[in-house]
Structures are given as structure tokens and as C-alpha cells.
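Step one of this worksheet: look at the structure below.
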Amino acid sequence: GMATIGNQIWAGTDGKGIIILNEAGKILDSIGHTKGLASNIVFTLTATDKYVLAGTQNGLSVINKKTKEIVNYSTLDQLPANEFNSAAAFQRGDTVYLGTIAGVVCFNTGQLKDTKRYTLLQPLYITDLFITDHNGQSRHDYTWPYHQNNTLNIPSRTEYFTIDFGSMGGQTQNLNYYYRLQEDNEWILLGASRKLTFVGMSPGEYQLQLAARLPDGNWTQPLLNLPLIVAAAFYQTIWFKLLTGLLIIGLGWWIFRYRERQKDKERLLRLQIAGDLHDEIGSSLAGISMQADMLLSGHYEHLKEYLQSIADNGRLAVQTMGDIVWSIDPRNDDNVSLFQRMERYGHRVFGSSAISIAFHNEGYNEKQYMPQKVRQNIMLIFKEALTNVVKHADAGQVDVTFIALNKGFRLVIADDGRGYALDPSGQSREGSSGHGLRNIKMRAAAIGADLSFPTVERGAIIVLVLKG
């Protein structure tokens, strides 16, 4: 299409919009889509006194000759189609007839205004809300046009949801839609689709807006504008995250303190081993060393006595070393190992004396875990009790009974000697084996065991109960 405007020639092109030339064929100017033309493909041009009408591939552009301002018309303005036919135009005065691919358009340019507004656009409505939860269960809600509540609430743990929208009229049928979730966000192209899908949307509050781009490139006002709230699952809330953070910090602190306590236990165990070696074995070895030096110095008048003492101290050192190793060896952390150790110790202590000892085991048919601290303190209590019998009881028989309880035990040590001199509160009177009893009580308290001294007609009884 071509039109003569004064001494200029306006020519429609297939992709370059309108080219304006002078009579010599020199290009003076051009009008394209960037300047407001409905499309760069122009099929026909017709001129009246005040306007130039350009039938394009995407609507009708009415151009003011003087100001070059453009007003575009499309199917939104009741055109039968947006695409015009090539050179299909007829003019009589201010009335112009233009052919489209779906009918003829009649324009009276004398009644046109330089500006227009799309006032006939209908608002959009949600026609279907389709939700699929984390279990794969889906549901439709077709009642949204009738909801009084204007807020779109999406349940927590929703995998994805789809919004279908439409309008009461058909003017918006061929528009390209855009959406955004906040007013200050950029518009996101949705195209001609009337379906909006969100997958794995983060919990929060949004403002869903839908708008369209008009054929002339201008924007409509938001055709759909409503709050959108995606509910948070309990593990997505700020409180859960804060609590989780605190738990992680607490766990880290507990691990740190646990490691420090383990190091403290290791240090205490090493100090204990060092102390036992120094106190128990060190004194024996010192005696052996001193007596050996006496013999080396020529004091042979006490040869037999010194050799016997060296032998006794050597055996004592070996026994003490065995006790220390047994107490710290984790393979011995059970009741059976403790009972067997007590048996061996008791027979060794009373083996060459006039006192006989008997051991009774009730219910200990299977191994039961016993911590090193408990096992060591029980063994020391047992040793202290036997020492008291040897030194103070003047007894002829000792009975040791182990009775299994639920994750615990009862230890009873009874002799037929002269008994302990105790007052009604269980405290030893002056002249009795007070230090030994105090040590027994202290070790029982260290492992949380119940200790009692029942009154009997003859001898003494120590009852130690440790509950699981």
C-alpha cells in the first residue's frame, strides 16, 4: 500500500513499517513498531485530510499527519480481525472502508479522537484452582468466582498448584498475559495461555497480579489483583528453624562437654593408675630395693629374713599389678568377672589361715554389664571387708553371697567373729575398725549403692545393694 501525503510518499513494507520518501525517492523518515505502529508489516495505506490509516498484520493504526501521534485499534475495539488484506481499501471523504481477513471495517475519521482508552476490558476471574499435595492427592475448586474472601490461601506442603482464569467477555481472548507476585517485581510473560502453574512455591505472602499487553504495546491496568498466601509447614516456620538452630548449638556444646568429660575421665584414670602404682607397687619395690642393697653391702646375718621379705614383696607387687590391670581392663566389665576375681582373692587371702571362706552365687548365669567404676569400688569394698575380718573379727568362717537383681545385685559378706562395735546410727565406736568401715561407706556412696549392717547374734554382716 502507498499513499501520497503532500509532496511525500508513504509506503507500507513487509517488516520495516512505513517508509516516508520525497519525490526524488530519498528516504526522509520511517514509522515502525517502536514508534507505536501496530505492526511492522503494513498491508494497506489510506489518507484523509487529517489522518493516515495503516492496515497492518496486528490491527489498524491511525496516524495524525501533523503530530505523527498514533492510535491503534484491534479486536478489543470490535474490529472483525487484527490482520488486514493487502490494498483492500476504499475512501469517500472522511469515510474509509478497509478489508480484513474476517470482514470489512468502516471508519469515519471526522469523528476520531487523537487518543482513546480501552474502557471495555472485563476483569479476570479465577475459574479453577487445582492443588496437588505432597502425597500426590489432587483436588479442584471451581467455586472461586463466588467466594466472598478475596485471599487465595494455599495449604502447607503443596507440591504444585494451577490457577485457571478467564473473563466474562471475549475482548481479552487474543491478548498476551503477564503476571507478577509483588507490585515492585518485573512482569513475567505468560503468553496467550490462561493457566498459571507454580511448583514448590516457598511459603510466604504474595500479591498476585495479572495484566495484558495491548496490540499497540501499551499495558492494561491489572485485570486480576489478589493476595496469595502459601502456608508454611511446621518445619518451615521461623520458630522451628530457630529451635533447630538452638538444638544444633546445644548438641555441639554437649558433644564438646562430653569430649571434655571423657578427657577428664581419662586424666583421672591416669592419675589413679599412677597413684596406685606409686602407693601399692612403689612401696613394695622400694622395700625390695632396700633389702637387696643391704645384702649387697654384706649384711648376710639377715640373709634368710631379707630373701623372704623380697619374695613376699615381689609376690605382693605382682598381685597388686594384677589388680590394677584387672580394674582398668574393659573386658572385665561384667558381674561374672567380678565374682571370679573375688573368689580368687578370697581364697588367696585365707588360703594359709585358719579362716575358711565360701562363695555363693544366686542368679548369675549370664554376664551382665558392670561399669569399671562400680566394679572397682565393689572389689575394694570386698577387700576392705576381708581385711577387717582378718584384723579384728577373730572369725573362723566367712560366707560371700552374690544375688542377682533386675540390672543390679545384692552382695552379702557374713562372718562368725565377734562383730563390729557400732552405735545405733551405724557409726563405729572408739577402738573398733572405724577406718575400714568409713572407707566401705565412702565407696558405697561413690557408686550410689545402699549399705547396711544388720544386727545378728554372732559375727557381722555387710549388705550392699546396687539397683539397676
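All heavy atoms count here, side chains included; hydrogens, waters and symmetry mates do not.
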Could you grab the distance from atom [atom1] of [X] to atom [atom2] of [Y], nearest 0.5 Å is fine?
X: Ser337; Y: Met370; atom1: OG; atom2: CE; result: 9.5 Å
X: Tyr179; Y: Asn185; atom1: OH; atom2: CG; result: 10.0 Å
X: Met342; Y: Ile378; atom1: CE; atom2: CD1; result: 8.0 Å
X: Leu98; Y: Thr100; atom1: CG; atom2: OG1; result: 9.0 Å

Mind checking what makes side chain to side chain donor-acceptor pair (under 3.5 Å) contact with Ser61, not counting sequence neighbours? Asn72

Side chain to side chain donor-acceptor pair (under 3.5 Å) against Trp10, all qualifying residues, sequence neighbours excluded: Gln8

Is there a side-chain contact between Ile462 and Ile440 (heavy atoms, below 4.5 Å)? yes

Flag side-chain contact, heavy atom, 4.5 Å: Leu466 against Val374: yes

Under the salt bridge (Lys or Arg N to Asp or Glu O under 4.0 Å) definition, can you give me all pairs with a residue in [range], not counting sequence neighbours?
range: residues 79-104; result: none
range: residues 16-29; result: Asp29-Lys35
range: residues 142-164; result: Asp164-Lys195

For [X], all residues meeting ring pair (Phe, Tyr, Trp, His ring centres under 6.0 Å), sequence neighbours excluded:
X: Tyr142; result: His140
X: Phe256; result: Trp253
X: Phe165; result: Tyr177
X: Tyr178; result: Trp219

Does one side chain, of Asp141 or Thr143, offer a donor that lies under 3.5 Å from an acceptor on the other? yes

Does the separation of the ring centres of Phe198 and Phe161 fall below 6.0 angstrom? yes

Angle class for the [X]/[Y] ring planes (parallel below 30°, perpendicular above 60°, tilted otherwise)?
X: Tyr97; Y: Phe90; answer: tilted
X: Phe382; Y: Phe359; answer: tilted
X: Phe339; Y: Phe402; answer: tilted

Sorted by chain and residue number, the side chain to side chain contact (heavy atoms under 4.5 Å, CB included) partners of Ile248 (sequence neighbours excluded) come out as Thr244

My understanding is that only residues two or more places apart in sequence, or in another chain, count here; which of them pass side chain to side chain contact (heavy atoms under 4.5 Å, CB included) with Val463? Arg410, Val412, Ser452, Pro454, Ile461, Val465

Name each donor-acceptor pair under 3.5 Å that joins a side chain in residues 200-208 to protein atoms two or more places apart or in another chain, with its distance.
unit_1	atom_1	unit_2	atom_2	d
Tyr206	OH	Ser202	O	2.7
Gln207	NE2	Asn225	OD1	2.6

So Val42 and Asn40, side-chain contact (heavy atoms from CB on, under 4.5 Å) or not? Walk me through it. CA-CA 6 Å; Val42 181; Asn40 283 333; over 6 Å; no

Quick check against the 3.5 Å criterion: does Lys66 have a side-chain atom that pairs as donor or acceptor with the backbone of Tyr51? no

